[in-house]
**Q** 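Let me begin by handing over the structure; questions about it come next.
Both ligands and their constituent atoms are indexed starting at 1 by order of listing.
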Amino acid sequence: MYVLEYRLGDDGDTIHHRLEKISYIVGSGQHTNSHIINENGYLYQAPVTWYTQEKRWDLAPGFKENNSRFGRWLTDECITCHNHLPEQVPGSMNRFSKMPTGIECERCHGPGKLHVEEKLRGLVVDTAKQADYSIVNPRRLPRDLQMDLCQRCHLQGVAVLNEGKTFFDFKPGMRLSEVLNVYLPRYTDSHEHFIMASQADRLRMSECFKNSPELSCITCHQPHRSVEITPASQYNNACLKCHATNACTEKPELRASKSDNCVACHMPKSGSTDIPHVRITDHRIGLPSQRDKSAMTTTIAPQKKAFLGIQNLTKPNPSPLDMARGYLAMHDKYIASPVMLDSAAFYLSKSKEKPEQLLPVKVHLMFLKQDWEGILAIKFPDGMKLDAWTAYRVGEACMNKGYAESALHYYDLAVQDYPLHLDFLRKKALRYWP
Ligand code: HEC
Ligand code: HEC
Ligand code: HEC
Ligand code: HEC
Ligand code: HEC
Ligand code: HEC
């Protein structure tokens with residue numbers, strides 16, 4: 001499979017021609033198939049996507065707003081949700097040396113080595129009687145850890161890694177906030193709209209979730225079996241475990257007209273605000289009369305009424321520093337508005353962490369505000385190792401203030417950590433430009 005990009009000149013001749021080979025396809029194929037180009041191990045998303053529900057090709061999600069053509073990096077962040085853990089070339093963002101295909105057992109069951117060794121030694125546990133502690137069975141985890149497992153991938157938002165953590169570090173049974181925190185922006189009308197990978201967020205908004213300590217994804221889903229071949233009765237039986245048939249106040253004849261399919265009315269299908277041409281299931285189980293039907297049927301961007309702030313969805317009590325990081329990440333990845341920076345500054349002023357933790361966030365904020373003097377005035381504690389991003393940002397401050405030699409020193413620090421980060425390399429190269 002190939003993608004051809006071409007342009008015609010005024011006289012109809014082809015004046016631009018670029019042909020790229022597709023190496024991987026992602027997506028279950030029920031909503032979309034997106035395409036990946038592999039250039040010497042560097043992965044890029046192809047600009048076209050096949051939308052299976054409408055059977056049509058269109059620009060890939062996000063490319064209508066910002067057509068980065070063949071330049072959209074696929075970093076470990078995307079890949080570790082859409083696939084099993086790859087092997088990443090150290091020091092790169094989007095270069096991989098080994099790419100498995102598909103999401104493997106260990107993503108939900110944890111490392112299997114011990115389990116296999118025990119079985120080979122003939123140690124078999126009767127799981128009907130007791131747990132087999134050599135491997136994780138998600139069913140046996142407490143609800144919040146079950147949610148953390150599924151929302152490692154089914155809660156897309158702005159993910160902020162904890163210091164020193166990577167997207168490879170989460171394992172089933174851990175708390176997601178031990179590795180990363182996920183933030184979403186909230187508007188006054190947020191309950192009416194959702195993005196595609198937000199099942200965990202939506203389910204949490206349901207009265208069912210809030211009022212029953214056991215409801216989780218696997219109350220309704222058996223992830224070994226696709227929704228394609230799961231009968232509606234599996235979901236409806238789940239409702240009926242907690243609700244009596246007569247709990248529903250809708251007229252019996254209307255319920256009968258829908259074969260009393262609870263989910264058809266209480267978990268309707270809808271568009272999403274980030275992926276065009278798809279219909280997905282709203283996981284906020286709710287009252288039909290309280291839904292804004294016009295909002296739920298479109299795939300266009302939400303109205304975005306007043307902005308309320310960002311919410312941390314992985315930690316009940318995020319620290320001020322967590323929130324400051326969240327606002328900065330929101331600014332970088334989603335909404336580049338000064339409001340985000342003001343909020344980050346507010347939370348930063350309230351944080352009481354050690355300079356080693358505070359300073360990188362401070363540098364980040366000053367960098368976004370282009371406060372170069374501010375950055376240069378910072379005294380880093382002796383022996384503090386600057387992470388690559390902080391080093392790069394200090395380098396930029398030096399460069400902007402005309403301290404080219406110091407800039408080179410800081411770019412070097414960034415390149416040491418990420419020798420294959422093309423932007424860092426470019427900065428370093430430009431420094432040598434006459
Ligand atoms: C490693 C990431 C990852 C984890 C962990 C994960 N999922 Fe998924 N899941 C995905 C991706 C990606 C898709 C979408 C496939 C596509 O359409 O591209 C998906 C699809 C699904 C689907 C719909 C597809 C189908 O054919 O049925 C269900 C249901 C689902 N996941 C449930 C779960 C549940 C429940 C858990 C927790 C026990 C879970 N997933 C954990 C990544 C993950
Ligand atoms: C937090 C995990 C996560 C991250 C990060 C993530 N995705 Fe997804 N994405 C998902 C899940 C899960 C679905 C499928 C949800 C469903 O089937 O309802 C999805 C859906 C999609 C879809 C459309 C539906 C389909 O068929 O799979 C595309 C395209 C997509 N993602 C591309 C990307 C790209 C490109 C990136 C990186 C820029 C990315 N995603 C980052 C989890 C993630
Ligand atoms: C997307 C997450 C996910 C993936 C991937 C996954 N599983 Fe599971 N698995 C689960 C969940 C959730 C349960 C509990 C299901 C239940 O009890 O209804 C489970 C249960 C099991 C059980 C039953 C355990 C018991 O004691 O009853 C076995 C065996 C199992 N999985 C093996 C596998 C194997 C082998 C693979 C890879 C081929 C795999 N699983 C991939 C989520 C997953
Ligand atoms: C694990 C138990 C559980 C499951 C499963 C469950 N619910 Fe609920 N649900 C509750 C609880 C508890 C409430 C809170 C109100 C109450 O006590 O009835 C609730 C509330 C509701 C409400 C009122 C919502 C509101 O906003 O006021 C509706 C409608 C509803 N559930 C429908 C469903 C449907 C449809 C399903 C299946 C798709 C389902 N529930 C599955 C426990 C559950
Ligand atoms: C109360 C039952 C229920 C719970 C709980 C539930 N789901 Fe679903 N889910 C459904 C139904 C119903 C569908 C639609 C199935 C169909 O299209 O046939 C669905 C579909 C999906 C799909 C396919 C894409 C889509 O949106 O249509 C994914 C992915 C998914 N669920 C993930 C999850 C995850 C992750 C969780 C936990 C955060 C979860 N679900 C919890 C009932 C549930
Ligand atoms: C034809 C659509 C439809 C079907 C099918 C349906 N419901 Fe309802 N249900 C409604 C409507 C409409 C209401 C009234 C609440 C509202 O929106 O104002 C309601 C109300 C409820 C309530 C809340 C009652 C209260 O306390 O106010 C529950 C719980 C509920 N339904 C559960 C179910 C379950 C479980 C099933 C499947 C066995 C089901 N419903 C099937 C449309 C439906």
**Q** If you measure from each heavy atom of Cys81 to ligand 1, is any distance below 4.0 Å?
**A**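 Under 4.0 Å: yes for Cys81.
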**Q** Of all the heavy atoms in Asn236, does at least one lie under 4.0 Å from an atom in ligand 6?
**A**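 It does not, in that no heavy atom of Asn236 comes within the 4.0 Å cut-off of ligand 6.
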**Q** Any chance you could lay out the ring-ring contact (aromatic ring centres under 6.0 Å, His included) test for Tyr187 and Phe307, step after step, and finish with the verdict?
**A** CA-CA 4 Å; Tyr187 303 89; Phe307 176 65; 5.7 Å; yes
**Q** Which single N/O/S atom of His109 lies at minimum distance from atom 8 (Fe) of ligand 3?
**A**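 For His109, the N/O/S atom sitting closest to atom 8 (Fe) of ligand 3 is NE2.
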**Q** Can you tell me if Asn83 uses its side chain to pair, donor with acceptor, with the backbone of Ile79 under 3.5 Å?
**A**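 No; zero donor-acceptor contacts below 3.5 Å.
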**Q** Of the listed options (Ala131, Cys105, Cys108, Pro172), which comes nearest to atom 42 (C) of ligand 3 when hydrogens are ignored and any heavy atom counts?
**A**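 Among Ala131, Cys105, Cys108, Pro172, the closest heavy atom to atom 42 (C) of ligand 3 belongs to Cys108.
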**Q** Please could you name the atoms of ligand 1 that Gln30 approaches to less than 4.0 Å, counting only its heavy atoms?
**A**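 Taking each heavy atom of Gln30 in turn, ligand 1 has 25 (C), 26 (O) under 4.0 Å.
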**Q** Just which atoms of ligand 6 are under 4.0 Å from any heavy atom in His243?
**A**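 What qualifies from ligand 6 is 29 (C).
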**Q** Could you list the atoms of ligand 1 found under 4.0 angstrom from a heavy atom of Leu149?
**A**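 Answer, ordered by atom number: 5 (C).
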**Q** Is there a donor-acceptor pair closer than 3.5 Å between any side-chain N or O of Tyr24 and the backbone N or O of Thr101?
**A**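 Not confirmed, Tyr24 side chain does not pair with Thr101 backbone.
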**Q** May I ask you to identify the nearest protein heavy atom to atom 23 (C) of ligand 6, giving residue, atom name and distance to one decimal place in Å?
**A**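 Here the closest protein heavy atom is Leu287 CD2, 4.0 Å.
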**Q** Strictly less than 4.0 Å: does any protein heavy-atom distance to atom 28 (C) of ligand 1 fall in that range?
**A**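 No, because not a single protein heavy atom sits under 4.0 Å from atom 28 (C) of ligand 1.
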**Q** Show which atoms of ligand 6 fall inside a sub-4.0 Å distance from at least one heavy-atom site of Leu254.
**A**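 Near Leu254, the atoms of ligand 6 are 1 (C).
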**Q** Does the protein place a non-hydrogen atom closer than 4.0 angstrom to atom 14 (C) of ligand 1?
**A**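 Flag for atom 14 (C) of ligand 1 set to false, no protein heavy atom closer than 4.0 Å.
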**Q** Which residue holds the protein heavy atom closest to atom 22 (C) of ligand 1, what is that atom called, and what is the gap in Å?
**A**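 Result: His154 CE1, 4.5 Å.
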**Q** Judged by non-hydrogen atoms, does Arg152 sit under 4.0 Å from ligand 1?
**A**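 Judged by the 4.0 Å heavy-atom criterion, Arg152 does not count as contacting ligand 1.
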**Q** Which ligand 1 atoms, with their elements, are less than 4.0 angstrom from a heavy-atom of Cys217?
**A**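 So the atoms of ligand 1 that pass are 35 (C).
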**Q** Counting each atom of ligand 1 from 1 as listed, which ones have a heavy atom of Cys153 under 4.0 Å away?
**A**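 Heavy-atom distances to Cys153 below 4.0 Å select 1 (C), 2 (C), 3 (C), 4 (C), 5 (C), 42 (C), 43 (C).
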**Q** At less than 2.8 Å, how many protein N/O/S atoms surround atom 8 (Fe) of ligand 6? Leave waters out.
**A**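 Atoms of protein N, O or S type lying less than 2.8 Å from atom 8 (Fe) of ligand 6 total 2.
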**Q** Under 4.0 Å, counting heavy atoms only: does Asn261 come that close to any atom of ligand 6?
**A**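 Yes.
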**Q** Can you tell me if Glu228 has a non-hydrogen atom under 4.0 Å from ligand 1?
**A**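 For ligand 1, residue contact (heavy atoms, under 4.0 Å) with Glu228 is absent.
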**Q** Where's the contact between Pro223 and ligand 3, heavy-atom distance under 4.0 Å: side chain, backbone, both or neither?
**A**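 The side chain, only.
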**Q** As an exercise, identify every atom of ligand 6 less than 4.0 angstrom from a heavy atom of Ser289.
**A**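 Selected atoms, number and element: 16 (C), 17 (O), 18 (O).
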**Q** My understanding is that only one of Gln146, His221, Arg139, Arg143 makes a side-chain hydrogen bond (donor to acceptor under 3.5 Å, both in side chains) with Ser216; could you say which?
**A**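 By the side-chain hydrogen bond (donor to acceptor under 3.5 Å, both in side chains) criterion, Ser216 pairs with just one of Gln146, His221, Arg139, Arg143: Gln146.
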**Q** Check this for me, if you would: do Arg325 and Glu163 make a salt bridge, where the nitrogen-to-carboxylate-oxygen distance has to be below 4.0 angstrom?
**A**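 Result for this pair is yes, salt bridge flagged.
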**Q** His224: which N/O/S atom is nearest atom 8 (Fe) of ligand 3?
**A**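 Within His224, restricted to N, O or S, atom 8 (Fe) of ligand 3 is closest to atom NE2.
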**Q** ring-ring contact (aromatic ring centres under 6.0 Å, His included) between Trp73 and His421: does it pass, once the steps are laid out?
**A** CA-CA 11 Å; Trp73 293 3; His421 192 301; 5.4 Å; yes
**Q** Does Val415 form a side chain to side chain contact (heavy atoms under 4.5 Å, CB included) with Leu425? I'd like the steps, not just the answer.
**A** CA-CA 7 Å; Val415 170; Leu425 285 173; 3.9 Å; yes
